[in-house]
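Encoded as C-alpha cells, the structure appears first; notes follow it.
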Amino acid sequence: MSRFEVTTLVPAPPSVVFDASLSVDVHTSSMGHTAERAVAGVTSGLLALGDQVTWRARHFGLTWHLTSTISACTPPEYFVDEQVTGPFRRWHHTHTFEPAHDGAATLMTDVVDFAAPLPPLGTLAEILVLKRYLTRLILLRNAHIQDVTRLDR
C-alpha cells in the first residue's frame, strides 16, 4: 500500500473550500484532460455523507470506472471518500480543511492511501508510476479549487 499527502493553501474560507471540494461539478471541471465524468449516483451538485458517485475517466489510454462513497463527513472540517468498486485494491482519501490567516484562507490537506491490484506487480506500479501520477492529479484539482474559490474573480 502507498500513501501520499498534499497540502494546499487556498485563499478562501474553509466553508467555501469544503463545498468546492465536495462539488461533483468542480471536480469534473478540474479533470477535463482525463474526460472524467460522473455517470451514476450523484452526478451533479454537492456530495454528502453516504452519497455515492461513479466516475468514468481515461488514464493511461484506457477508460476506467470508479465508484466512491463519502464515508465520513464533518462540515466544514473533514470528509473521506473511499472506493466501493474500481481499479484499486484500496482507495481512501481524507480531506481536511483548517482555517488560516484568521479564517480568510484554508489550509487544505489531502491524504491518500491506495493500493494497486495484482501484487507484487501492482506494488511495483505504485512505486514507479501511480504515486507520482496520482499526486499530480491532486495538485491539478487543488489548483482548480484555488481558482474557482478566489473571492476576487
Side-chain angles (χ1 to χ4, degrees), residues 1-10 12 14-98 106-149:
M1 182 162 21
S2 294
R3 175 185 200 132
F4 66 90
E5 183 173 316
V6 173
T7 301
T8 307
L9 184 63
V10 183
S15 61
V16 172
V17 180
F18 183 87
D19 285 352
S21 296
L22 279 170
S23 169
V24 171
D25 307 299
V26 169
H27 181 83
T28 299
S29 64
S30 75
M31 294 288 133
H33 66 287
T34 67
E36 188 158 340
R37 295 286 176 260
V39 295
V42 178
T43 58
S44 65
L46 296 182
L47 295 162
L49 182 62
D51 283 348
Q52 287 191 355
V53 58
T54 299
W55 302 100
R56 181 181 64 217
R58 289 191 61 78
H59 298 279
F60 306 108
L62 301 171
T63 300
W64 303 88
H65 288 84
L66 181 144
T67 300
S68 63
T69 188
I70 304 301
S71 60
C73 189
T74 304
E77 301 160 357
Y78 171 88
F79 74 89
V80 174
D81 66 86
E82 295 186 78
Q83 176 185 280
V84 175
T85 60
F88 295 99
R89 275 190 304 132
R90 174 174 166 78
W91 175 267
H92 184 274
H93 183 179
T94 302
H95 308 250
T96 59
F97 307 86
E98 297 177 48
T106 303
L107 191 61
M108 179 171 65
T109 303
D110 296 271
V111 178
V112 178
D113 292 298
F114 72 98
L118 305 171
L121 292 176
T123 304
L124 188 61
E126 289 172 30
I127 295 165
L128 296 178
V129 178
L130 287 175
K131 187 173 183 179
R132 183 177 20 213
Y133 182 78
L134 294 169
T135 300
R136 201 168 35 239
L137 286 179
I138 297 295
L139 288 167
L140 283 169
R141 179 189 61 94
N142 289 0
H144 187 72
I145 289 171
Q146 286 175 315
D147 187 48
V148 301
T149 59

Hey, does [Y] have a side-chain heavy atom less than 4.5 Å from the side chain of [X]?
X      : Y      : result
Glu5   : Thr94  : no
Arg141 : Ser21  : yes
Val112 : Leu134 : no
Phe79  : Leu47  : no
His95  : Leu22  : no

Could you tell me which non-hydrogen atom of [X] sits nearest to which non-hydrogen atom of [Y], and how far apart they are?
X      : Y      : answer
Leu137 : Met31  : O-CE, 3.4 Å
Asp19  : Leu46  : O-CD2, 3.1 Å
Lys131 : Phe4   : CE-CB, 3.8 Å
Ile145 : Ala20  : CG2-CB, 4.3 Å
Ala116 : Glu126 : N-OE2, 2.8 Å
His65  : Thr63  : CE1-CG2, 4.2 Å

Under 6.0 Å from the CZ atom of Arg56, do we count more than 12 heavy atoms belonging to anything else shown?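 Counting neighbours around CZ of Arg56, 12 or fewer heavy atoms of other residues, nucleotides or ligands fall under 6.0 Å, so no.
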
Is the CZ atom of Arg132 crowded by more than 12 outside heavy atoms at less than 6.0 Å?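 12 or below, so no.
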
Point-to-point distance, once rounded to the nearest 0.5 Å, from [atom1] of [X] to [atom2] of [Y]:
X      : Y      : atom1 : atom2 : value
Glu77  : Glu98  : CD    : CD    : 9.5 Å
Thr135 : Leu130 : OG1   : CG    : 10.0 Å
Leu49  : Thr74  : CG    : OG1   : 8.5 Å
Ser68  : Phe88  : OG    : CZ    : 11.5 Å

Between [X] (side chain only) and [Y] (backbone N and O only), is there a donor and an acceptor less than 3.5 Å apart?
X      : Y     : result
Gln146 : Leu9  : yes
Thr43  : Val39 : no
Thr69  : Glu82 : no
Thr28  : Val24 : yes
Trp64  : His59 : yes

Check the orientation of Phe97 and Phe18. Use parallel for under 30°, tilted for 30 to 60°, and perpendicular for over 60°.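 Perpendicular: the ring planes of Phe97 and Phe18 meet at over 60°.
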
Give the C-alpha distance, both sets of side-chain angles, the deciding distance and a yes or no for side chain to side chain contact (heavy atoms under 4.5 Å, CB included) between Leu140 and His33. CA-CA 10 Å; Leu140 283 169; His33 66 287; 3.7 Å; yes

Which residue in the set Ile138, Val80, Val111 passes side-chain contact (heavy atoms from CB on, under 4.5 Å) when paired with His93?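 Considering Ile138, Val80, Val111, a side-chain contact (heavy atoms from CB on, under 4.5 Å) with His93 is found only for Ile138.
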
